[in-house]
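The residues of the chain are indexed from 1 along the displayed sequence.
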Amino acid sequence: MTSFAPDSIVLNRKLPLWYQVSQSLRASILGRSPQDPLRLPTEEQLAGHYGVSVLTMRQALKELEDEGLISRHRRRGTFIEPHARRGSPVRLLGSVDAIVAQQSGMTTELLDHGTAPVPAELAEFFPDLPEVATYHRLRSDEKTGEPTNHARNYVRPELAARIDLDDLVRWPMTKVLRDAVGADISRITDTVEARLADPETAKLLQVPLLSPILHYTGVTYDAGGRPVDVAVIQYRGDRFSFTVTLDAT
């Protein structure tokens, strides 16, 4: 029987390995195509794929099993739950794959794209550019069709020229830039604040005008410290929460 083929990952030894592996596998599962197999490789095969011990792999799989994304059956193997959806807050421990996983697993509609002058509030991130490429997407729950968030991405034009629009429907921008475009992403800075839904957001997310939303700004930097993408996302306040864990060591 053919097994699901997860994406690869470059591990950061400063973060827990099980966590990085679980988030990478989680992103692969939530971003899979409908025709992809549901059966996962064995623990030993997955451990070899990620370059970790079987014990670490087992801990990563338990994380996904506890969340309901996979089910494990003695003698039969481990399987992706096809209708499972994210049911708990994402724990952000500093991994780019955590951001990818958090943004994955929804139906995505590309509303529009093009170029535009750099917005005044984002000028500090693109001081050398008069214009940036823009992408506006609406994400909905795959099962219910209910809108959950809408996102605007502002991307450096030289990177945008290599973006396949079909990839933006399947994957989050972070994954497209890193894995498809080849951008050398080093870090992402997140800001989340409470706001009230403006008319556009209320209409897109199907919520009352001035209802609470989560306003997220994510700035993606390359290895040279240059911002390559700024994501501005409006989340329905009744559908999302964020948990951040800081390591004191």
Side-chain angles (χ1 to χ4, degrees), residues 7 9-10 12 23 27 31 90 92-104 106 108-139 147-205 213-236 240 242 244:
D7 296 333
I9 179 177
V10 177
N12 181 345
Q23 292 302 310
V90 178
L92 301 181
L93 298 181
S95 166
V96 170
D97 282 282
I99 300 296
V100 173
Q102 191 274 327
Q103 297 171 355
S104 299
M106 297 179 186
T108 301
E109 177 186 358
L110 181 61
L111 299 178
D112 59 66
H113 66 94
T115 59
V118 177
E121 65 272 19
L122 304 182
E124 63 178 297
F125 303 115
F126 302 108
D128 59 325
L129 294 177
E131 291 186 331
V132 287
T134 63
Y135 302 89
H136 187 198
R137 290 175 294 168
L138 178 67
R139 298 191 184 100
T148 59
N149 67 86
H150 75 99
R152 280 189 169 86
N153 288 84
Y154 303 86
V155 181
R156 295 191 67 88
E158 66 270 23
L159 296 177
R162 306 203 299 270
I163 290 176
D164 186 328
L165 296 181
D166 289 338
D167 287 341
L168 286 179
V169 175
R170 180 182 178 188
W171 293 329
M173 178 64 79
T174 305
K175 182 175 177 64
V176 171
L177 289 175
R178 186 188 65 180
D179 297 345
V181 173
D184 188 5
I185 294 175
S186 64
R187 63 187 172 95
I188 299 175
T189 300
D190 296 331
T191 302
V192 182
E193 57 186 297
R195 290 195 180 181
L196 300 179
D198 57 30
E200 179 190 36
T201 297
K203 181 179 179 180
L204 285 172
L205 300 187
I213 61 168
L214 292 177
H215 179 88
Y216 165 95
T217 303
V219 185
T220 300
Y221 296 85
D222 65 14
R226 182 184 65 168
V228 295
D229 168 49
V230 178
V232 179
I233 308 176
Q234 312 285 359
Y235 290 95
R236 282 183 57 149
F240 282 88
F242 290 82
V244 179

Measure the shortest side-chain to side-chain distance between Val181 and Val176 over non-hydrogen atoms and say whether it is less than 4.5 angstrom. yes
Report yes if the side chains of Asn153 and Thr134 come closer than 4.5 Å at any heavy-atom pair, otherwise no. no
4.5 Å side-chain heavy-atom contact, Thr220 and Val230: no
Quick check: do Asp190 and Ile188 have side-chain heavy atoms less than 4.5 Å from each other? yes
Pair up each side-chain donor or acceptor in residues 118-131 with any protein partner under 3.5 Å, not counting sequence neighbours, and list the distances.
unit_1, atom_1, unit_2, atom_2, d
Asp128, OD1, Arg156, NH1, 3.4
Asp128, OD2, Arg156, NH2, 2.8

With sequence neighbours left out, what residues match His136 under ring-ring contact (aromatic ring centres under 6.0 Å, His included)? His150
Roughly how far, to the nearest 0.5 Å, is the CG atom of Asp167 from the CG atom of Leu110? 11.5 Å
Can you tell me how far CZ of Arg139 sits from OH of Tyr235, rounded to the nearest 0.5 angstrom? 6.0 Å
Please check this pair: side chain of Arg236 against backbone of Leu205, looking for a donor-acceptor N/O pair closer than 3.5 Å. yes
Could you tell me whether the side chain of Ser186 and the main chain of Asp222 form a donor-acceptor pair under 3.5 Å? yes
Rounded distance [0.5 Å steps], CZ in Arg178 versus CD1 in Ile9: 7.0 Å
With the side chain counted from C-beta on, respond yes when Leu111 and Glu109 share a heavy-atom pair under 4.5 Å apart, and no when they do not. yes
Which heavy atom of Ala160 sits nearest to which heavy atom of Ala133, and what is that distance? CB-CB, 3.3 Å
Run the side-chain contact (heavy atoms from CB on, under 4.5 Å) test against Asp179 and tell me which residues pass, sequence neighbours left out. Lys175
Take the angle between the ring planes of His113 and Tyr135 and call it parallel below 30°, perpendicular above 60°, tilted in between. parallel
Counting C-beta onward and ignoring hydrogens, is there a side-chain heavy-atom pair between Val192 and His215 closer than 4.5 Å? no
Minimal heavy-atom distance between Thr189 and Tyr221, with the atoms involved, is OG1-CE1, 3.6 Å
Asp229 side chain to Tyr154 side chain, donor-acceptor N/O pair below 3.5 angstrom: no
Below 4.0 angstrom, N of the basic side chain to O of the carboxylate: do Glu200 and Arg152 qualify? yes
Does some side-chain heavy atom of Tyr216 sit less than 4.5 Å from a side-chain heavy atom of Thr191? no
CG-OG1 distance between Leu138 and Thr108, expressed to the nearest 0.5 angstrom: 8.5 Å
How many angstroms lie between CD1 in Ile233 and OG1 in Thr217, if you round to the nearest 0.5 Å? 9.0 Å
May I ask you to test the Val155-Val132 pair for a side-chain heavy-atom distance under 4.5 Å? no
Between Arg137 and Asn149, is there a side-chain donor-acceptor contact under 3.5 Å, judged purely by atom types and distance? no
